[in-house]
Amino acid sequence: MNMQNPCRALCLLTVFNAPAAASALALENIKARLEAAGYSQIREVPSGKIKTFKATRDGKERSILVDSTGHIQELQ
């Protein structure tokens with residue numbers, strides 16, 4: 001798997017229902033992407049198949065969705 005493209009790796013892990021160790025790696029990739037986007041204090045919120053997170057940005061707590069392609073969407 002080409003780890004130079006974390007978005008593609010995340011998508012492949014989701015599609016093939018990877019084992020827990022690989023899923024943990026995907027979670028670390030998601031956290032790294034959120035940190036690169038300026039978020040801190042990142043924590044996953046259990047929500048089924050969609051990855052939902054709470055994180056802080058600009059001093060405010062925000063809810064964030066990350067889809068299977070790695071797209072980050074902040075909820076209002």
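Computation of the quantities below employed the complete heavy-atom set of this structure, encompassing side-chain atoms and omitting hydrogens, waters and symmetry-equivalent molecules.
Annotation for Ile42 and Lys31: closest pair CD1-O, 3.7 Å, computed over non-hydrogen atoms. The nearest pair of heavy atoms linking Lys54 to Ser63 is NZ-OG, 2.9 Å. When all heavy atoms of Leu34 and Phe53 are compared, the pair lying nearest together is CD1-CG, 4.1 Å.
Within the model, atoms CD1 of Ile64 and CZ of Arg43 stand 10.0 Å from one another, a figure rounded to the nearest 0.5 Å. Note that CZ of Arg62 and CD of Glu74 are 4.5 Å apart. Values are rounded to the nearest 0.5 Å.
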